[in-house]
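I have placed the structure first, in the form of structure tokens, so that the comments after it can refer back to it.
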Amino acid sequence: MGDTNGQVVAGGNGQGNRLDQLNEPTDVLIDKETDSLIICDRQNRRVVRWSRRSGTTQGEILIDNIRCWGLAMDDQRYLYISDTDKHEVKRYQIGDKNGTIVAGGNDKGTGLNQLDVPTYIFVDQQHTVYVSDNYNYRVMKWNKGAKEGIVVAGGQGEGNALTQLKHPDGLFVDTLGTIYVADSSNHRVMRWPKGEKQGTVIVGGNGKGEGANQFHYLRGLSFDQQGNLYVVDHYNHRVQRFSIE
């Protein structure tokens with residue numbers, strides 16, 4: 001906290017596909033068990049792991065040939081990865097290259113058993129998978145073992161009404177099942193209580209811009225233990241922090 005400079009913990013050797021390079025990474029998580037970072041190295045079509053121990057100069061490939069976007073890990077250390085080419089989310093045991101489909105996987109489409117460019121994902125303690133179904137303008141919830149999902153936010157077409165989303169990205173679900181979603185092309189973060197047909201705008205929603213209450217497209221979002229919200233403000237090249245009541 002309070003640092004004005006960061007330190008490079010993965011990549012930093014220019015754009016490329018060597019093991020010491022990344023190319024447009026979109027998501028990252030910390031695997032506490034191995035004290036390492038797991039990174040979706042999107043344009044290299046791979047998921048890589050970088051140890052956080054000092055002296056690490058390159059990563060190792062966990063899964064390759066995957067057009068990944070979002071990552072999540074459950075309490076049993078299964079890894080969940082969204083694939084925007086195959087329109088599916090798969091669950092992997094670390095070290096396993098094949099994985100099991102847990103959402104989508106029935107080609108691109110608008111059906112409840114389909115996804116259209118799934119980006120960010122969130123997995124809760126029941127191993128329920130929530131997916132930002134980007135080009136269907138909705139958030140889907142897939143219960144463990146389900147053959148189709150449930151629309152839990154959006155799903156009313158593209159738009160900026162409180163019942164709608166436009167290219168949803170970053171996703172967080174609290175223990176009450178309240179959904180927080182980065183409504184990227186509407187430049188706002190929405191809160192969607194469980195079972196509700198519409199959400200509320202909690203930050204942004206003031207048009208595209210550079211103001212402290214504005215965004216220029218959003219990507220990931222996250223909460224800390226104090227309840228502060230962090231938002232990746234994509235084309236403003238910054239991360240913003242908000243205290244949410």
Side-chain angles (χ1 to χ4, degrees), residues 6-108 114-123 127 129-135 140 142 167-171 182 184 217-222 232 234 237 239:
Q7 69 184 95
V8 177
V9 289
N13 296 299
Q15 179 186 26
N17 62 5
R18 298 193 314 252
L19 286 178
D20 66 344
Q21 293 177 307
L22 300 169
N23 189 349
E24 294 188 23
T26 50
D27 207 357
V28 59
L29 56 82
I30 294 177
D31 178 14
K32 295 186 177 74
E33 193 91 358
T34 57
D35 194 26
S36 58
L37 301 171
I38 296 175
I39 302 163
C40 167
D41 188 9
R42 179 171 169 76
Q43 296 295 43
N44 283 327
R45 301 182 64 89
R46 64 191 185 187
V47 175
V48 293
R49 179 166 63 190
W50 284 64
S51 169
R52 293 174 71 208
R53 286 189 289 275
S54 65
T56 300
T57 55
Q58 63 178 43
E60 57 175 320
I61 298 171
L62 290 180
I63 297 153
D64 54 12
N65 197 26
I66 182 170
R67 191 84 160 133
C68 61
W69 190 296
L71 301 171
M73 188 180 269
D74 68 19
D75 52 6
Q76 293 174 354
R77 288 189 68 243
Y78 279 96
L79 189 59
Y80 297 73
I81 308 172
S82 64
D83 184 330
T84 57
D85 275 2
K86 294 183 177 171
H87 309 285
E88 67 189 18
V89 179
K90 272 187 167 180
R91 182 182 68 220
Y92 296 82
Q93 224 168 343
I94 299 229
D96 160 34
K97 301 272 191 206
N98 295 321
T100 308
I101 294 173
V102 292
N106 296 297
D107 295 324
K108 175 169 78 169
Q114 295 176 303
L115 300 167
D116 189 350
V117 187
T119 54
Y120 290 93
I121 51 183
F122 184 91
V123 178
H127 303 168
V129 180
Y130 294 82
V131 188
S132 279
D133 191 6
N134 193 282
Y135 275 78
M140 298 295 288
W142 287 65
H167 299 300
D169 273 325
L171 200 52
S184 179
Y217 296 101
L218 297 75
R219 286 291 185 252
L221 58 77
S222 184
V232 177
H234 188 76
H237 314 292
V239 177

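- With Ser82 contributing its side chain and Gly70 its backbone, the two residues share a donor-acceptor pair below 3.5 Å.
- Between atom CG of residue Asn13 and atom OG1 of residue Thr57 there is a gap of 8.5 Å, rounded to the nearest 0.5 Å.
- Under the 4.5 Å side-chain criterion, counting only non-hydrogen atoms from C-beta, Asp75 is in contact with His127.
- The salt bridge (charged side-chain N to carboxylate O under 4.0 Å, His left out) test applied to Asp107 returns no partner, not counting sequence neighbours.
- Between Trp50 and Val9, the shortest heavy-atom distance links the atoms CE3-O, 3.8 Å.
- Take Asp169 and apply the salt bridge (charged side-chain N to carboxylate O under 4.0 Å, His left out) test, not counting sequence neighbours, and it matches Arg219.
- A pairwise comparison of heavy atoms in Ile38 and Leu71 identifies O-CD1, 3.4 Å as the closest pair.
- Rounding to the nearest 0.5 Å gives a distance of 10.0 Å between CE of Met140 and CD of Gln114.
- Residues passing the salt bridge (charged side-chain N to carboxylate O under 4.0 Å, His left out) test with Arg91, sequence neighbours excluded: none.
- Put simply, the side chain of Trp142 reaches to within 4.5 Å of the side chain of Leu115, judged on heavy atoms.
- Residues Asn65 and Arg45 have side chains in contact (heavy-atom distance under 4.5 Å, counting atoms from C-beta outward).
- Closest approach of Ile63 and Lys97 over heavy atoms only: N-NZ, 4.3 Å.
- Applying the side-chain hydrogen bond (donor to acceptor under 3.5 Å, both in side chains) rule to pairs touching residues 14-30 yields Gln15-Asn23, Arg18-Asp20, Glu24-Gln43, sequence neighbours excluded.
- Residues forming a side-chain hydrogen bond (donor to acceptor under 3.5 Å, both in side chains) with Thr84 (at least two apart in sequence, or on another chain): Arg42.
- From Ile94, atom CD1 reaches atom CD of Glu33 across 9.5 Å, with rounding to the nearest 0.5 Å.
- With sequence neighbours left out, Asp35 forms a salt bridge (charged side-chain N to carboxylate O under 4.0 Å, His left out) with Arg52.
- Tyr92 pairs by the ring pair (Phe, Tyr, Trp, His ring centres under 6.0 Å) definition with nothing, not counting sequence neighbours.
- If you take CG on Asp96 and CG on Leu79, they are separated by 10.0 Å, rounding to the nearest 0.5 Å.
- When all heavy atoms of Ile39 and Ala10 are compared, the pair lying nearest together is CD1-CB, 3.5 Å.
- Between Leu218 and Val232, the closest side-chain pair of non-hydrogen atoms is not below 4.5 Å.
- Minimum heavy-atom separation, Ala72 to Val123: CB-CG2, 3.8 Å.
- Ser36 pairs by the side-chain contact (heavy atoms from CB on, under 4.5 Å) definition with Asp31, Thr34, Arg49, not counting sequence neighbours.
- Applying the disulfide bond (SG atoms under 2.5 Å apart) definition to pairs two or more places apart or across chains, those involving residues 16-88 are Cys40-Cys68.
- The side-chain contact (heavy atoms from CB on, under 4.5 Å) search around Ile61 returns Leu19, Arg46, Val48, Asp64, not counting sequence neighbours.
- Scanning for side-chain contact (heavy atoms from CB on, under 4.5 Å) contacts around Lys108 gives His87, Asp116, with sequence neighbours left out.
- Annotation: ring pair (Phe, Tyr, Trp, His ring centres under 6.0 Å) contacts of Tyr135 (sequence neighbours excluded): His167.
- The distance from atom CG of Leu171 to atom CG of Asp133, rounded to the nearest 0.5 Å, is 11.0 Å.
- Between Val102 and Tyr80, the shortest heavy-atom distance links the atoms CG2-CD2, 4.0 Å.
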